[in-house]
Amino acid sequence: MQTATHLDREHCVRAVRSKDARFDGWFYTAVLTTGIYCRPSCPVVPPRPENMTFYPSAAACQQAGFRACKRCRPDTSPGSPEWNLRADLVARAMRLIADGVVDREGVPGLAARLGYSTRQVERQLLAELGAGPLALARAQRAQTARLLIETTALPMAEIAFAAGFSSIRTFNDTVREVFALSPSELRGRAPARRTAGDGTPGTLCLRLPFRAPLNPANLFGHLAATAVPGVEEWRDGAYRRTLRLPYGHGIVALTPRPDHIACRLTLGDLRDLAVAISRCRRLLDLDADPVAVDDRLRTDPLLAPLVDEAPGRRVPRTVDEAEFAVRAVLGQQVSTAAARTHAARLVTAHGKPLDDPEGGLTHLFPSPEALAAVDPEALAMPRTRRTTFTTLVRQLADGTLHLGVESDWAEARARLLALPGFGPWTVDVIAMRALGDPDAFLPTDLGIRRAAGALGLPSTPAALTARAEAWRPWRAYAVQYLWATDSHPINFLPV
């Protein structure tokens, strides 16, 4: 296996020598003399440059016969920010693989969702990442297995199937090959088995890594201030919400810590673990590259003071793209409180009930199919918005409109704009927070225009859009810094 040609060897060597954690997840260092691979920030003495080779994915390292380092645990690195920045075939495929599509639907299912042949998908992934979809999914299964081995007391057979392996033998062979330890040896080496679910069945406590800096104020403030009662809540310093997952449902509690996000997951089916982690990371934008974002925005002298005052702002996103689109329509031209009220009524009437012994969560957010069956006359909203709502949920329910991690951003925008009642603001807020477009921009938003005027930026949409050309491809992050100039609760951690 050859090192991917797009990696700049000189820059990679420099990052390894300086142990620069910003590059963790961007690439991996394989050491020819030891047969192991590491993250760039590995604490051991760096090998000689001639003994290093570089790969763009853990899967490529594993395919080339390298084992994961036991010191730096490269499988726990944050994901590459490339997959959040891009909307091409490879990026969309990586988002789907992280969402578990290969394990559930195979490579043909992955290709069908992307609209390409399996051969095209495999060829492009191999060319850019040094590994095909099966190898990439296998690396993810190995990481999930390690999490379950080290943080639970589950029997190994249960872990094997929960991690997505088809047999216990494949599970054992993969763990030995990737980590150079048997599953039982891996469990024995864990410094403290964090079965911190307090004995609650299906509950796991994990640490979600991120690239520093991370400012939690607008991230958790936004999620808490717009929380839909019954589906989301802020309790005891954590954002909690219900999750609809491929095999069942779950509840997650996410707590900001200085160097990680504490994640407490309760799952109805442990096979949903990898998907739940992926969606939580996406919700909190944890794979972002804040240094690259902030460096670009600092080039504007009027934005620079905002960035310097509170660097590392993230874009609060979603765990369910269809849910967010529905909520965006409910929030059109009304206050945050009114939007929450509208959503809470729908949840109570049409959401699936669930039990939450640890808090006040009561329902899953209603599916598009459930909302498509709602009598339009029962909706307490103006007739034009009622038409917008019913058209959206029907198209989501029948598959005419699909919003997901694999969505082509330009195509999704065009389809949304064709719906009645969908203007640029609604489409771009969905692109920013649901689809994950880091360059989505809201020049017509009242809060953005007010902030722009106060800072001395152009306040008319056309002039502000022209000024924001210099902020590409990170205009969605500029939105967060501009919103943060206001005293709205979305900008502050709840107390």
Side-chain angles (χ1 to χ4, degrees), residues 222-234 240-245 249 283 316-354 356 360-404 407 412-435 440 442 444-447 488-490:
H222 205 124
L223 295 172
T226 60
V228 176
V231 174
E232 305 166 283
E233 67 175 2
W234 181 266
R240 304 179 73 245
R241 74 153 291 150
T242 61
L243 303 169
R244 178 182 288 103
L245 299 163
H249 66 264
L283 170 73
R317 295 203 166 117
T318 184
V319 295
D320 187 319
E321 294 81 8
E323 173 191 315
F324 186 84
V326 170
R327 291 172 60 173
V329 170
L330 296 178
Q332 287 179 332
Q333 299 177 344
V334 298
S335 67
T336 300
R340 295 177 71 224
T341 299
H342 285 314
R345 288 173 183 160
L346 287 177
V347 165
T348 302
H350 306 287
K352 181 180 179 181
L354 52 72
D356 176 22
L361 304 180
T362 59
H363 291 80
L364 295 174
F365 194 86
S367 66
E369 292 76 13
L371 294 175
V374 174
D375 179 4
E377 297 301 320
L379 299 171
M381 58 181 70
R383 184 169 298 277
T384 53
R385 195 168 311 135
R386 195 182 304 165
T387 300
T388 301
F389 175 87
T390 56
T391 305
L392 172 66
V393 297
R394 286 171 184 163
Q395 291 203 10
L396 288 169
D398 66 19
T400 304
L401 173 66
H402 178 75
L403 301 175
S407 293
R413 272 189 167 91
R415 288 182 175 272
L416 288 168
L417 278 171
L419 298 179
F422 272 76
W425 183 91
T426 305
V427 170
D428 275 308
V429 81
I430 292 172
M432 179 174 69
R433 295 196 53 202
L435 302 181
L442 306 174
T444 62
D445 182 84
L446 182 60
H488 195 283
I490 64 170

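Heavy-atom basis, side chains included; hydrogens, waters and symmetry copies ignored.
- Panel note: side chain Ser407, backbone Gly404; a donor-acceptor pair is recorded below 3.5 Å.
- Side-chain contact check for Arg433 versus Thr318: every heavy-atom pair is 4.5 Å or farther apart.
- Judged purely by atom type and a 3.5 angstrom limit, Gln395 has no side-chain atom pairing as donor or acceptor with the backbone of Leu419.
- We find that Glu232 and Arg327 are joined by a salt bridge, their nearest charged nitrogen and carboxylate oxygen being less than 4.0 Å apart.
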- Please step through side chain to side chain contact (heavy atoms under 4.5 Å, CB included) for the pair Thr426 and Thr388, ending with a clear verdict. CA-CA 11 Å; Thr426 305; Thr388 301; over 6 Å; no
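- To the nearest 0.5 Å, atoms NE2 (His363) and CG (Leu354) are separated by 8.0 Å.
- Counting non-hydrogen atoms of other residues, nucleotides and ligands closer than 6.0 Å to CZ of Arg415 gives a total of 12 or fewer.
- In this structure, Met381 and Val329 have side chains that are not in contact, with every pair of non-hydrogen atoms separated by 4.5 Å or more.
- Summarising the geometry, atom NE2 belonging to His342 is positioned 9.5 Å from atom CG belonging to Leu379; distances are rounded to the nearest 0.5 Å.
- Contact of the Thr242 side chain with the Phe365 side chain is not registered, since no non-hydrogen atoms from C-beta on lie closer than 4.5 Å.
- A donor-acceptor pair under 3.5 Å is formed between the side chain of Arg317 and the backbone N or O of Met432.
- Residue Leu435 comes nearest to Ala412 through the heavy atom pair CD1-CB, 3.6 Å, listed as atom of the first residue, atom of the second, then distance.
- From Leu403, atom CG reaches atom CZ of Phe324 across 11.0 Å, with rounding to the nearest 0.5 Å.
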- When you look at Phe422 and Thr391, which way does the side chain to side chain contact (heavy atoms under 4.5 Å, CB included) test go after all the steps? CA-CA 11 Å; Phe422 272 76; Thr391 305; over 6 Å; no
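- By the 4.5 Å heavy-atom criterion applied to side chains, Pro366 and Val347 are counted as neighbours.
- For the residue pair Leu396 and Pro368, the shortest heavy atom distance occurs at CB-CB, 3.8 Å.
- For the pair Arg244/Glu323, no side-chain contact is recorded, criterion being any heavy-atom separation below 4.5 Å from C-beta on.
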- Task: Start with the C-alpha distance between Asp428 and Arg413, add both sets of side-chain angles, then the distance that settles side chain to side chain contact (heavy atoms under 4.5 Å, CB included), and finish with yes or no.
- Result: CA-CA 8 Å; Asp428 275 308; Arg413 272 189 167 91; 2.8 Å; yes
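- Arg240 contributes atom CZ, which lies 14.5 Å from atom CG of Leu223 (distance to the nearest 0.5 angstrom).
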- Query: Can Leu401 and Leu416 be said to form a side chain to side chain contact (heavy atoms under 4.5 Å, CB included), step by step?
  - Reply: CA-CA 8 Å; Leu401 173 66; Leu416 288 168; 3.8 Å; yes
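- Expressed to the nearest 0.5 Å, how far CG of Leu371 lies from CG of Leu346 amounts to 6.0 Å.
- Taking CG of Asp320 as the start and CG of Leu364 as the end, the distance is 9.5 Å to the nearest 0.5 Å.
- When all heavy atoms are compared, the tightest approach of Pro420 to Thr387 is CG-CG2, 4.3 Å.
- Between the Arg385 side chain and the Gln332 main chain, a donor and an acceptor come within less than 3.5 Å of each other.
- Annotation for Glu377: atom CD counts as buried by contact number, over 12 foreign heavy atoms lying within 6.0 Å.
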